[in-house]
There are 2 protein chains.
Amino acid sequence: MAPPYNIYEDQCPARQVLDRLADKWALLVLDRLQKEPVRFNQLHRDIKGISQKVLSQTLKKLERDGLLSRCVFATVPVTVEYALTDLGQSLVQTVNTFAHWAELHMDAVLLAQARYDGTV
Amino acid sequence: MAPPYNIYEDQCPARQVLDRLADKWALLVLDRLQKEPVRFNQLHRDIKGISQKVLSQTLKKLERDGLLSRCVFATVPVTVEYALTDLGQSLVQTVNTFAHWAELHMDAVLLAQARYDGTV
DNA sequence: CAGGATCCAAAGCGATACTG
DNA sequence: CAGTATCGCTTTGGATCCTG
């Protein structure tokens with residue numbers, strides 16, 4: 001498939017990328033990493049509700065996509081730091097506005113939900 | 001939970017909103033509606049790969065969240081148009097930059113994937 | 001500390017058939 | 001056209017235990 005890509009098409013590479021990123025946990029991880037590199041268990045503690053398994057999977061996917069780097073330090077016990085790559089940095093601004101929208105308009109959304117649930 | 005909301009917290013309302021929106025199909029639907037109101041089957045045709053069931057569910061969720069409106073015209077057979085609300089409009093710009101990022105950086109992502117898969 | 005392996009329950013989804 | 005209903009399967013996800 002040649003550019004310009006049609007994101008409405010199945011198998012469009014852009015849509016596969018979108019698939020991967022349109023994920024709650026991935027967004028939260030990227031957001032958490034934007035200030036500083038963070039270690040595995042710290043992420044696990046900070047992002048409430050994520051399981052160890054899912055965090056591990058999410059980190060692997062993001063690393064595979066080139067959005068974050070995994071850096072191992074030979075301490076005892078071993079230390080692993082996750083950090084955004086340049087590519088990840090280029091995405092994080094978008095993630096920011098997305099999360100910011102959620103915070104900003106969440107009252108309106110909750111109101112709409114209440115109205116919808118009451119009406120239907 | 002009082003503002004400022006902590007999006008890393010479980011049960012944070014902002015995170016519930018994020019949950020809902022961090023969905024591939026929802027993003028594609030919102031994107032598709034930004035130019036014009038669209039009917040059910042048109043959406044079904046345009047957004048390749050979505051099933052009727054999932055499209056229906058997605059539309060209901062977005063309507064419940066106040067992001068789009070469902071307008072019924074008494075034609076024969078009945079016509080239903082989905083359109084963005086003001087709230088939906090306020091979100092769509094963010095969705096745009098998100099989708100745009102995917103298109104712009106997808107080559108880098110695919111390259112990173114190939115590298116990762118080859119290395120590991 | 002940083003995960004991998006396993007088990008199991010629950011949710012999600014596609015396909016199909018049907019309705020007003 | 002615009003959906004709803006049902007079925008069966010696949011996937012996901014949490015919980016738990018284990019390792020270097």
Side-chain angles (χ1 to χ4, degrees), chain A residues 8-11 15-16 18-29 32-33 36-65 68-84 116 119-120, chain B residues 8-11 15-16 18-29 32-33 36-65 68-83 116-117 119-120:
Chain A
Y8 301 117
E9 283 297 327
D10 222 353
Q11 293 141 349
R15 214 168 93 170
Q16 294 176 30
L18 186 63
D19 276 23
R20 218 169 293 272
L21 298 178
D23 169 45
K24 174 183 60 165
W25 298 122
L27 295 183
L28 287 172
V29 166
R32 180 63 188 85
L33 289 182
E36 62 207 347
V38 186
R39 299 195 299 176
F40 185 89
N41 278 334
Q42 189 65 44
L43 285 170
H44 191 204
R45 259 173 272 124
D46 288 351
I47 303 178
K48 304 294 169 56
I50 195 172
S51 71
Q52 184 190 57
K53 178 182 175 180
V54 171
L55 175 58
S56 177
Q57 289 171 346
T58 301
L59 288 171
K60 259 187 213 156
K61 284 198 307 184
L62 292 176
E63 186 193 358
R64 177 168 182 265
D65 289 346
L68 56 79
S69 62
R70 181 176 177 278
C71 198
V72 182
F73 298 94
T75 52
V76 180
V78 68
T79 298
V80 179
E81 266 190 7
Y82 291 92
L84 291 181
Y116 184 95
T119 307
V120 175
Chain B
Y8 301 117
E9 283 296 328
D10 222 353
Q11 294 142 345
R15 215 167 91 169
Q16 294 176 29
L18 186 62
D19 276 23
R20 219 170 292 273
L21 298 178
D23 169 46
K24 174 183 60 165
W25 299 122
L27 295 184
L28 286 172
V29 166
R32 180 63 188 85
L33 289 182
E36 63 208 347
V38 185
R39 300 194 297 176
F40 186 89
N41 279 335
Q42 189 65 44
L43 284 170
H44 191 204
R45 259 172 273 126
D46 289 351
I47 302 177
K48 303 295 168 55
I50 195 172
S51 72
Q52 189 188 51
K53 178 183 176 181
V54 171
L55 176 57
S56 177
Q57 289 172 346
T58 302
L59 289 170
K60 258 186 214 158
K61 284 199 305 182
L62 293 176
E63 186 194 357
R64 178 167 182 266
D65 290 346
L68 56 78
S69 61
R70 181 176 177 277
C71 198
V72 182
F73 298 95
T75 52
V76 179
V78 67
T79 298
V80 179
E81 267 188 6
Y82 291 92
Y116 184 95
D117 293 344
T119 307
V120 175

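Throughout, protein chains are lettered first and strands after them, A, B, ... in sequence-line order, and every chain is numbered starting at 1. Computed over heavy atoms, backbone and side chain alike; hydrogens, waters and symmetry mates excluded.
- Side-chain proximity of B:N41 to D:dC1, C:dC13, D:dG14: nearest is D:dC1.
- Not a single donor-acceptor pair under 3.5 Å links the side chain of A:Y82 to the backbone N or O of A:E63.
- Counting to the nearest Å, the P atom of D:dG13 and the CD atom of A:Q52 are 15 Å from each other.
- The nearest whole Å value for the distance from the CG atom in A:L43 to the P atom in C:dA2 is 9 Å.
- In terms of phosphate contacts, A:S56 brings a side-chain nitrogen or oxygen within less than 4.0 Å of OP1 or OP2 of C:dG4.
- When distances run from any side-chain atom of A:K60 to the nucleotides C:dG4, C:dC13, D:dA2, the shortest one goes to C:dG4.
- Across the protein-nucleic acid pair, A:K61 atom NZ and D:dT11 atom C1' stand 12 Å apart, rounded to whole Å.
- Out of D:dG3, D:dC1, C:dG3, the shortest distance to the side chain of A:R70 is found at C:dG3.
- Using a 4.5 Å heavy-atom threshold, the side chains of A:H44 and A:Q52 count as touching.
- Note on A:K53: every side-chain N or O is 4.0 Å or more away from OP1 and OP2 of C:dT6.
- Going from atom CG of A:L68 over to atom P of C:dA2 covers 14 Å, rounded to whole Å.
- Using a 4.0 Å heavy-atom criterion, one finds that A:F73 contacts no nucleic acid atom at all.
- Distance, A:E81 CD to C:dC1 C1': 13 Å, rounded to whole Å.
- Atom-to-atom, NE2 of A:H44 to P of C:dG4 comes out at 14 Å; the value is rounded to the nearest Å.
- Among the nucleotides D:dT16, D:dG3, D:dC1, the one closest to any side-chain atom of B:R45 is D:dC1.
- For the pair B:Q57 CD and D:dT6 P, the interatomic distance rounds to 14 Å; values are reported in whole Å.
- The shortest distance between the side-chain N/O atoms of A:Y82 and the OP1/OP2 oxygens of C:dC1 is not below 4.0 Å.
- Closest-nucleotide positions on DNA chain D for A:G49 and A:P77 were compared, and the one nearer the 5' end corresponds to A:G49.
- Evaluated for a side-chain contact (heavy atoms from CB on, under 4.5 Å) with A:I47, the options A:V54, A:V29, A:V38 yield exactly one hit, A:V29.
- Counting to the nearest Å, the C1' atom of C:dG3 and the CG atom of A:L62 are 16 Å from each other.
- Annotation: side chain of B:I50 is not in contact with side chain of B:L43 (no heavy-atom distance under 4.5 Å).
- A:L62 has its side chain out of reach of A:L33: every pair of non-hydrogen atoms, C-beta onward, lies at least 4.5 Å apart.
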